[in-house]
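What follows is a single structure, written as C-alpha cells, with notes after it.
Numbering of residues begins at 1 and proceeds along the displayed sequence. Just so you know, ligand 1 is whichever comes first in the structure, and atom 1 is the first atom listed for that ligand.
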Amino acid sequence: MSDYSDRDDLYARERQVIDRFSFDESVVRVFPDMIKRSVPGYDTIIEMTGVLAARYSQPGSLLYDLGCSLGASTLAMASLVPHQDCRIIAVDNSAAMLASARQLMDANPPGLQVTLTEEDIRRVSFAPQSASVAVMNFTLQFVPRPDRDALLARLANALLPGGILVLSEKIAFADPQEDDLQRELHHAFKQNNGYSVMEISQKRNALENVLVPETLEEHRRRLGEAGFSQVHVWFRCFNFLSLVAVR
Ligand code: GEK
C-alpha cells in the first residue's frame, strides 16, 4: 500500500503550537509510510492477520476490521480467508480515511464482500454470535480508557464460540526502567527509519492523551473479564505487541 503514500513529513518542520493528533486528510495522505516507519513489525502483523483470519474464520460469519484506516487488515483477510460467504465489515470514524479506503477498494476489489462503515466503533451494534474474527490493529489505544471494558465485552459477545479477536497495540510497562528502555528502543527504530529527534518529539506531543497505551497485564485482565477463554501473545517488538484472544 505504500505505493499510494507520500513520505511522512508532517512533523519535520518545527511547530510553535502542536495540535492534538487527528486522522485528517494530511495524515491520510502519508498514512502507509507513517505507520510502516513508526510501528515495528507492521507488515508482519498485517500479513499474519490474514493468516489468523484464514485459520479461525467460520463459513457464513462476519469478520470485523475495527479502526480499519485504509483497509490493510481487511485486504489481508480478503485475500486469505477461504469462505466466500464470509463478509467483512470495516469500520472507521475518520471520513478522510474511509474515502481513501473506498477509492483503494474500488480500484482493486477485494476477494470477499466488504462493507465500509463510517462510525465510532463504540456505537457499532454487534449482533450476538455473528462473527468469527474481529481485528483491532492499533485502534483500541485511541479509544478513551473508560470506554474500553464495555467495548471489549460487547465484542466478545459478538463472537462465535472459537472465534478470535486480533488485538495489536502499543503498550506501556509497569516497571519504569523497562518502560524507558522500550520507549528508547522504539525511538531508535524511528530514527533508523529516517525520523529526526525533533519529528519524534513533536509527534509524541501531538499524541499525548490521544494514544494512551496500557500494560499487557491490563489487556489480559480486560480480555479475561470480557469473556475470552485464552489470550496469547503471538508478536512482540519493543513496546508493540499483538495478541490473539480466543472466545
Ligand atoms: C491498520 N488498523 O492499517 N471509532 C472508529 N475508528 C477509530 C476510533 C473510534 N472510536 N478511534 C480511532 N479510530 C489500521 C491502523 S490506525 C493506527 C489503525 C495508527 C481509527 C482512526 O480513525 C484510525 O484510522 C485508526 O483507528 C487507527 O492496521 O495510526 O497508529
Side-chain angles (χ1 to χ4, degrees), residues 1-2 4-5 8 10-11 20-50 52-53 63-78 88-102 104-105 110 114-126 133-152 154-155 165-171 186 189-190 193 195 200 203-204 206-213 235 237-243:
M1 259 216 227
S2 51
Y4 299 100
S5 183
D8 172 21
L10 294 181
Y11 293 95
R20 267 170 77 86
F21 186 85
S22 79
F23 291 95
D24 59 15
E25 273 166 22
S26 64
V27 169
V28 171
R29 187 175 52 77
V30 301
F31 185 74
D33 179 69
M34 168 187 280
I35 198 153
K36 262 183 198 237
R37 290 200 288 135
S38 305
V39 175
Y42 175 74
D43 281 343
T44 301
I45 290 170
I46 295 300
E47 192 185 337
M48 294 311 140
T49 296
L52 287 162
L63 316 172
Y64 279 102
D65 180 4
L66 301 170
C68 62
S69 297
L70 299 179
S73 303
T74 289
L75 295 175
M77 292 196 282
I88 302 179
I89 301 186
V91 185
D92 204 289
N93 65 352
S94 156
M97 278 291 183
L98 268 202
S100 286
R102 194 160 277 125
L104 288 170
M105 288 190 203
V114 176
T115 305
L116 286 169
T117 309
E118 185 185 327
E119 200 170 12
D120 189 313
I121 55 175
R122 291 170 295 173
R123 316 242 175 287
V124 174
S125 74
F126 303 106
V133 177
V135 174
M136 273 201 280
N137 279 337
F138 308 106
T139 304
L140 189 65
Q141 60 197 16
F142 292 106
V143 172
R145 276 184 88 177
D147 297 339
R148 294 181 188 179
D149 283 8
L151 172 61
L152 277 248
R154 289 197 309 114
L155 210 44
L165 168 67
V166 178
L167 177 64
S168 307
E169 289 272 292
K170 184 175 191 180
I171 58 162
H186 176 229
F189 163 86
K190 289 186 75 168
N193 283 341
Y195 286 112
I200 295 169
K203 173 92 178 278
R204 194 184 54 229
L207 284 170
E208 186 84 36
N209 298 323
V210 175
L211 189 172
V212 180
F235 178 91
C237 180
F238 306 144
N239 45 354
F240 288 80
L241 58 66
S242 187
L243 305 169

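Under the 4.5 Å side-chain criterion, counting only non-hydrogen atoms from C-beta, R122 is in contact with P144. Residues L70 and M97 are in side-chain contact: their nearest non-hydrogen atoms beyond the backbone lie under 4.5 Å apart.
With hydrogens and angles left out, the side-chain atoms of D92 and S94 include no donor and acceptor closer than 3.5 Å.
Within 4.0 Å of ligand 1, counting heavy atoms only, the contacting residues are F23, F31, I35, Y42, I46, G67, C68, S69, A72, S73, D92, N93, S94, M97, E119, D120, I121, N137, F138, T139, Q141, F142.
With sequence neighbours left out, the side chain to side chain donor-acceptor pair (under 3.5 Å) criterion links S125 to no other residue.
Between F142 and F21, the ring planes are parallel. Angles under 30° get that label, and only those over 60° would be called perpendicular.
The backbone N or O of V210 lies less than 3.5 Å from no partner atom in the side chain of R20, so there is not a single donor-acceptor pair.
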